[in-house]
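Reminder, nothing fancy here: chain letters follow the sequence lines and each chain counts from 1.
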Amino acid sequence: MSTRIADVLIPLALDTAYSYRVPEDLGLVEGDVVVVPLGTRETVGVVWGLSEGGGANLKAVSGKVDASRLSPALRKLFDWLAWYTLAPRGSALALGLRVPEPRPEVPRVGVRLTERVPVRMTAARRRVLEAAADGLTRSKRELADAAAVSASVIDGLIDEGALETLALAADPVAKIPDPGFGQAELSEQQHEAARAVCAAFHDAPPPVILLEGVTGSGKTEVYFEAVAEALRAGKQVLILMPEIALTAQFLERFAGRFGVPPAVWHSGVSSRRRERLHAGVATGEVQVVAGARSALFLPFEQLGLIVVDEEHETAYKQEDGVHYHARDMAVVRGKLEGATVILASATPSLESRVNATRGRYRRIVLPERFGGRTMPEIRAIDLKRETMPRGRFISPTLAFAVEDTLARGEQALLFLNRRGYAPLTLCRACAYRYECPNCSAWLVEHRFRRALVCHHCGHIERTPEACRSCGSVDSLVSCGPGVERIAEEVTEIFPGRRSIVLSSDFPGGAERLRAELAAVAAGEFDLVIGTQLVAKGHNFPFMTLVGVLDADLGLASGDPRASERTFQVLQQVTGRAGRGEKPGRALVQTWQPTHPVIAALVSGDAERFYREEARAREAAGLPPFGRLAAIVVSAAEREAAEAHARGMAQVAHPLPGVMVLGPAEAPLAVIRGRHRFRLLVRTEREVDLQCYLRDWLARCPKACGSVRAIIDIDPQSFL
DNA sequence: AGCACGCCGACT
DNA sequence: GTCGGCGTGCTC
């Protein structure tokens with residue numbers, strides 16, 4: 001008398017699947033979604049394994065949920081993700097498990113014209129009757145929109161019998177994209193790249209492709225051809241993008257190529273719609289999903305292609321809960337599903353370039369701009385050779401170039417990656433610096449808001465009249481530039497020019513900002529002063545000059561990715577010049593024109609940057625990428641962990657309350673908390689980290705379920 | 001994640 | 001005396 005046992009993984013912070021007895025008549029299969037008793041309540045879970053057992057006194061599975069079954073590939077993905085990130089398997093599962101709430105089916109109502117004429121006629125009613133004159137059935141909303149009336153007019157006509165209601169078939173979750181709809185005209189280069197990408201789609205095993213193309217080279221059109229190829233092969237496609245890149249503009253472009261927009265998945269999509277999409281993806285009805293990171297865990301039935309657009313974007317990094325990088329997970333999912341993966345970027349991350357060089361990824365390059373446009377000419381302005389007017393940040397050379405550009409009726413962009421008015425406020429009398437009380441970073445002056453703001457933690461205080469330290473009045477000076485201060489300078493040296501400051505502080509929110517970006521694109525401004533916000537997105541056809549005010553900003557931040565990030569953002573922002581009819585140029589103000597980042601940027605030789613950066617890291621004994629892990633253990637484990645740490649050498653650490661211990665190649669830090677404390681392990685390579693942690697956990701078994709995080713080495717995210 | 005259990009301070 | 005605050009640990 002053997003019983004069937006189901007090992008059920010529950011989407012909670014649990015690493016082990018729990019065993020339940022399977023009732024005879026349930027007919028469970030691995031991957032089924034089930035309801036099981038857990039403690040005093042009932043929870044949903046997924047059958048991770050089935051076996052024949054002795055039928056011990058286990059609780060029984062309560063029932064099967066009529067939801068999509070998780071495919072073996074998806075279950076493997078969650079297992080792998082949990083293993084890789086050292087997260088409990090249940091937490092990994094929680095990222096992708098979605099259980100449909102039982103909702104009453106709301107029948108969609110359509111209305112249609114009848115023979116009956118309403119007793120009283122009004123202008124609004126007449127418009128409705130005209131719009132409905134063709135006798136077709138429409139939804140209330142549609143008819144109201146077509147006649148430009150409110151829904152109550154329609155209701156009135158229904159009451160009078162002039163319109164009749166009838167049940168409407170539920171509309172499809174997503175429209176069917178047509179791979180042959182609007183084949184774009186491709187340049188020779190794009191064509192060649194598209195052919196290579198499409199050919200690779202049929203390779204076995206399917207490759208990971210790094211599609212690298214300079215700004216304006218038409219990467220999107222190229223990967224759209226791969227999407228078309230996948231659709232023709234009857235496969236589903238996932239396009240991952242940073243949430244902010246999922247714009248109406250992108251959807252229109254997609255619709256221009258495939259006839260309809262893709263299904264969209266991001267945090268703003270309603271839960272009802274998500275549920276329908278989830279189900280539609282599982283049945284294969286939804287063929288293309290464009291989505292933010294979490295779309296990675298949708299239960300695709302026949303996934304053939306994953307595109308990761310702007311693969312270098314940091315938005316792909318999940319920093320709370322389970323720490324994962326969506327780009328890397330996309331590569332893993334591609335492998336598990338047998339799907340081709342395309343990583344697209346104008347400025348790839350260092351690790352993707354390294355992977356391409358090592359032959360793990362196939363590299364396809366679009367070196368030129370589309371439509372005969374040329375890349376902007378980039379020149380450095382050596383600030384050591386400029387005579388800067390006192391209190392000014394725009395050099396005479398740059399000012400002259402701006403004047404010249406404006407005189408020709410073209411636009412210029414002045415780029416400074418610093419919000420606010422001035423990054424530092426200090427007292428002339430006592431040399432007191434205004435620092436954040438929470439994180440001791442400098443407080444940034446925002447003159448417009450009359451406040452000092454911490455860009456780290458959000459702390460805000462009113463700009464003081466007198467020095468907080470010595471009480472002197474009128475002794476405070478603003479040091480260094482922010483975009484607001486540059487705007488002030490611009491009105492002084494280019495009087496009468498229409499200028500605008502664009503940063504994430506822009507008053508009026510995202511809607512206003514979008515409108516202003518459109519206004520810039522339409523040529524309604526002469527000068528744009530902007531932060532990183534203007535580095536990508538909207539195309540500005542009249543912009544022919546980009547001036548970078550401080551190219552060195554960010555190079556000395558201590559972040560191991562500082563060079564890479566700076567290079568990427570400078571490449572993007574200088575690439576804004578000359579995307580319209582006329583060629584563009586960029587002038588880059590710097591104190592260190594021979595710095596590898598600046599030299600590579602000016603020479604237009606990205607290869608050189610990546611090569612040198614990889615070499616520099618190797619020489620410094622750093623890997624191209626590294627990780628930090630935090631383990632949270634219970635108070636009971638504290639002693640054992642400390643005993644283990646005691647045998648290790650101490651190393652200084654800049655973080656308050658952190659004690660760093662351990663050998664130099666794998667230091668171990670201990671942060672004391674009130675009731676918990678953390679162990680932070682830094683290591684040179686991911687593989688080492690895994691080994692190190694596993695070894696550590698073996699000695700400290702109870703800590704195993706409590707490993708909380710693996711994060712990139714990045715002091716910012718760590719703080 | 002929820003829920004129970006247990007240990008402390010402060011109230012009808 | 002007990003009510004309830006939170007901190008801790010368990011759930012097949």
Legend entry - Length of the line joining A/Leu38:CG and B/dC3:P, which is rounded to integer Å: 11 Å
Inset, instruction - Applying ring pair (Phe, Tyr, Trp, His ring centres under 6.0 Å), name anything that partners A/Tyr18, two or more places apart in sequence or on another chain. - result: none
Inset, instruction - Check the distance between C/dT11's C1' and A/Lys59's NZ and give it to me in whole angstrom. - result: 7 Å
Legend entry - side chain to side chain contact (heavy atoms under 4.5 Å, CB included) partners for A/Arg89, two or more places apart: A/Leu9, A/Asp15, A/Trp48, A/Asp79, A/Ala82
Inset, instruction - Kindly say whether A/Ser349 contributes a backbone atom to a donor-acceptor pair with the side chain of A/Ser352 at under 3.5 angstrom? - result: no
Inset, instruction - Name the closest nucleotide to the A/Thr40 side chain, picking from C/dC12, B/dA4, B/dA1. - result: B/dA4
Inset, instruction - Give every residue pair that meets the ring-ring contact (aromatic ring centres under 6.0 Å, His included) criterion with at least one member in residues 279-310 of chain A, sequence neighbours excluded. - result: A/Phe78-A/Phe297, A/Phe297-A/Tyr324
Legend entry - Polar contact flag, side-chain donor to acceptor under 3.5 angstrom, A/Tyr223-A/Asp309: yes
Legend entry - Listed once per pair and sorted, the ring-ring contact (aromatic ring centres under 6.0 Å, His included) pairs that draw on residues 265-284 of chain A, sequence neighbours left out: none
Legend entry - A/Glu42 CD - C/dT11 P separation (whole Å): 17 Å
Legend entry - Whole-Å distance separating the CG atom of A/Leu12 from the P atom of C/dC10: 15 Å
Inset, instruction - Check whether any side-chain nitrogen or oxygen of A/Tyr18 sits under 4.0 Å from OP1 or OP2 of C/dT11, and answer yes or no. - result: no
Inset, instruction - Nearest whole angstrom, please: distance from the P of C/dC10 to the CG of A/Asp15. - result: 16 Å
Legend entry - Euclidean distance, atom CD1 of residue A/Ile10 to atom P of C/dT11 [Å, nearest integer]: 11 Å
Inset, instruction - Round to the nearest Å and state the distance from A/Ile5 atom CD1 to C/dC12 atom C1'. - result: 10 Å
Legend entry - Contacts of type side-chain hydrogen bond (donor to acceptor under 3.5 Å, both in side chains), residue A/Ser62, not counting sequence neighbours: A/Glu42
Inset, instruction - Answer with base, sugar-phosphate or nothing: what part of the nucleic acid does A/Pro37 contact at a heavy-atom distance below 4.0 Å? - result: sugar-phosphate
Inset, instruction - Check the distance between C/dT11's P and A/Leu9's CG and give it to me in whole angstrom. - result: 16 Å
Inset, instruction - For DNA chain B, determine which residues of residues 24-35 of chain A have any heavy atom closer than 4.0 angstrom to one of its atoms, and list them numerically. - result: none
